[in-house]
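Order of the sequence lines sets the chain letters (A, B, ...), proteins ahead of strands, with each chain counted from 1. Reckoned from all heavy atoms, side chains included, excluding hydrogens, waters and symmetry mates.
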Amino acid sequence: MTRSIIDPVTRIEGHLRVEMEVTNGVVSDCWISGGCFRGMELVVQDRTPADAAMIVQRICGVCPVSHAHSASIAAEKALGITIPNNARIIRNLLEGAQFLHSHILWFYNLAAPDYVNPINALKASAADAHDLAVSVGTSTNTDLNALQERLTKFANNKQLSIFSGHWFDSEGGEGYQLPPELDLICTAHYLEALTMQAKASEISGLLGGKMPHIMTLVPGGTMFVPTEEKLDDLWSLVNEIYDWVASTMVQDTIALVPFYEDALTWGGGCGRYVAWGVFEDASFEMNKRYLPAGVLKDGLELADVNEDLIKEYTGHSWYKPDDVEWRNPRDEGLTDPEYTEYNIEDRYTWCKAPAYDGQCMEAGGLSRLLVAYKRGVPFVVEQIDGMLETLGVPGRIDVLQSTLGRTGARQIETLYVASLMKDWVAELIEALKGGDSEFFREPETNSGDGTGFWEAPRGALYHTEHVNGGKISGYQIIIPTTWNIAPHGPDGTPGPMEQALIGVPVGDVEMPINALRTVHSFDPCTACAVHISEPATGKHFDTVVSPWGVK
Amino acid sequence: MLVDVVLMGTLPELNSENKPALIFNQTVHDNCQRRGHFENGEFVYKFGSEEEKKGYCLYPLGCRGPQTKANCGVVRYNRRRSWCVESGAPCIGCCEADPNDTGHNWVEVNTPFFQRHRDLRSGNWVVQPEAIALGLTGIVAAAVLIHGFGIKKSGRMKGKFRFEEQRAWDAKHPDTAVGDYSADRVIIDEKGKSTIVSADQFSEKQRQDYIDVVRAIDGPEAAKKLEADNETQKGGQE
């Protein structure tokens, strides 16, 4: 019986602590704590829905577009607006650009360092690495010899910079399994990814003014009106990113799998999924979105989304004790924070515990893909079946319900979005050629209630608001990671990520690399907390309440 | 900033608020690519409209460029790809902050974002926008703020300029007029003293100021002619 703690979890967005009980080398119990309170619901109170769309974006610098989108959809439902077709396409392009940015960044720069060891790449033969890249069909845009020289200089100066502080020597040096040649290829793609994620954000900047925190997405449509110059730039950016994604990401994933096959056998989690759907098609129906909405119950049984079944429990979270055990955020939403102390027997996180029909659910790329698969979206069905066949497990969709499955499936989604981006630009050009010049519609009323079901790159996103006389009188948000890092429920059932960690093998209590892989597979995003760590004295945290940091 | 520190080996110059002068000493409006349209009185009155496609000025939609000090339009974002105004979005003043007063933040100061406010702020000054249209008397205000009715009269603008008494848009579209032409106006003089005058008195003062400017630049003859024109106009109205 040993405690293994990761605090802070790095290479995520936000501030997260993982505490695990390890019995006989396997995680037997787990508590996840989100260490920052946001309270954005309180900030938008008494402001206009359009203001809210700008303000709530500041929840997160990775997925601001999704928050603007979800807030705007909520406002549009409340005020009875259907956005013009041009605005629908432009908003899809904005959301897609953010997905590409987020997915590329997450896979190569946040998750891959759990599998790839750039130091080991020093031992590679660049010529062999090139041959290997050709044989697995992945791209070779980088001069591998030059890269190796550069890495050697870093290593000789003992300045590992971005590659320092990782757990490359975990499990007595056995934690990382790739051959040096594959390490070299993936390190090259790590660096290329830094450029490509910036290019994806250029699209957001082009359409939204800047990224993070785009400016043009408002309730009613978009402020952005494409000119010929902007369309020209958009077309070339979209193609450049597609070409890189299509020649690199899925191939790299498949090349990694044989060396970490055990990670396909654990990390499954609760096995139930929510996806609210993302990328609107012309029908504006949730179930017909390019990545459609749906709920997968036990046994992956598909059901339509029912808002009444979404409820939140705060008995293990830092909120005032509540007489109501389960609250529906739309009708009974409440944000009343009260920090007590970190106590895993009682309250231990800022994160509420959302549930669908009384059960915790997983949100994220895997949820979206499984729902799309069940709803028969052709691209997704073809790609998933293809990937499973390549891995030698045809038809075994359950293989994806694991740490590596969750990590790998996202690249299929990246490829899907990258190819949709090209379609949308073409669609937009067709619409403009046809003479459609409408981009924005004013609301006809100034009061109403509405919910924006949408998806952030990390999963199901929910904004619900009440508007009275043009001002917000109630607002609640459930972000995707709230679903995933939910604490224990009222009956003591662990949350989805807690369940995923239980059963994960821990070969190294100080550097539990498999647990970290599992946490990263969810791409957690607890949003920007200010946190302080003190290298001299070890780990130390303060709860920071001033936006100006610690005095 | 990084160039200063890393390549030039100097620390950046700071302004009176201890912010880097390079970034925070000029307003967004000072360097705005749509400034020409502001000067021409060409504005966007609805998001995503034909005027937006022409790149007109976003002032009527609440743009905070005139009172927000930042160099967004110079540096631009995402590898200089674009910035808020270029993409059609009015500035919402999101860099507004005061470390000594957490209540003075961009949300409290600038919401509702997409409307013009009754008062504009700059430092400790809270000024009625109407005051800014005043050429000769509104010096204090004119130096820092601008009003869409007219054009600021400052050291940089030599020569005469007639302030619009009624916005061209409002004259054409009385049902969606943006200006309020009947409310009392505030005039702030050089010493910061404010006087409340009626709308009629205000426009009379505007005319008189204009005549004074013409007299100073073109001489008494031209001013007299203008005065005579004014009288005729008034006579016609009565």
Taking non-hydrogen atoms and a cut-off under 4.5 angstrom, which of residues 210-220 of chain A neighbour chain B?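 Expected list: A:K210, A:M211, A:M215, A:T216, A:V218.
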
If every non-hydrogen atom of [X] is compared with every non-hydrogen atom of [Y], which pair is closest and at what distance?
| X | Y | result |
| --- | --- | --- |
| A:F439 | B:G48 | CD1-O, 3.6 Å |
| A:P226 | B:K53 | O-CE, 3.7 Å |
| B:S87 | A:L206 | CB-O, 4.1 Å |
| B:K46 | A:F440 | NZ-O, 3.5 Å |
| B:S82 | A:G205 | CB-O, 3.4 Å |

Quick one: what part of A:I203 sits under 4.5 Å from any heavy atom of chain B, side chain, backbone, both or neither?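 Neither part; nothing is under 4.5 Å.
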
Please classify the contact between A:T222 and chain B as side chain, backbone, both or neither, with a heavy-atom cut-off of under 4.5 Å.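 For A:T222, the contact with chain B is made by the backbone alone.
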
Test of understanding: with side-chain hydrogen bond (donor to acceptor under 3.5 Å, both in side chains), list the residues that count as partners of [X], not counting sequence neighbours.
| X | value |
| --- | --- |
| A:Y475 | A:H463 |
| A:K230 | B:E86 |
| A:N109 | none |

Verify, without hydrogens or angle tests, whether A:D51 (side chain) and B:F113 (backbone) share a donor-acceptor contact under 3.5 angstrom.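 The answer is yes, because a donor-acceptor pair under 3.5 Å joins these two groups.
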
Interface moiety of B:L58 toward chain A, non-hydrogen atoms closer than 4.5 Å: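 It is neither, since no heavy atom gets under 4.5 Å.
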
Relative to chain A, which segment of B:C72 carries a heavy atom at a distance below 4.5 Å: side chain, backbone, both, or neither?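 For B:C72, there is no contact with chain A at all, as no heavy atom is under 4.5 Å.
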
Chain A interface, residue from B:C84, B:G88, B:S49, B:G55 that has the most non-hydrogen pairs under 4.5 Å: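 Of B:C84, B:G88, B:S49, B:G55, B:C84 has the most heavy-atom pairs under 4.5 Å with chain A.
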
Is any side-chain heavy atom of [Y] closer than 4.5 Å to one of [X]?
| X | Y | answer |
| --- | --- | --- |
| A:K199 | B:N78 | no |
| B:V107 | A:I55 | yes |
| B:V44 | A:M223 | no |

Is it the case that more than 12 heavy atoms not belonging to B:I196 sit under 6.0 Å from its CD1 atom?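 Counting other residues, nucleotides and ligands, CD1 of B:I196 stays at 12 neighbours or fewer.
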
CD-CZ distance between A:E202 and B:R79, expressed to the nearest 0.5 angstrom: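 One finds 5.0 Å between CD of A:E202 and CZ of B:R79.
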
Working to the nearest 0.5 Å, report the span between SG of B:C94 and CE of A:M54.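 Between B:C94 SG and A:M54 CE, I get 10.0 Å after rounding to 0.5 Å.
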
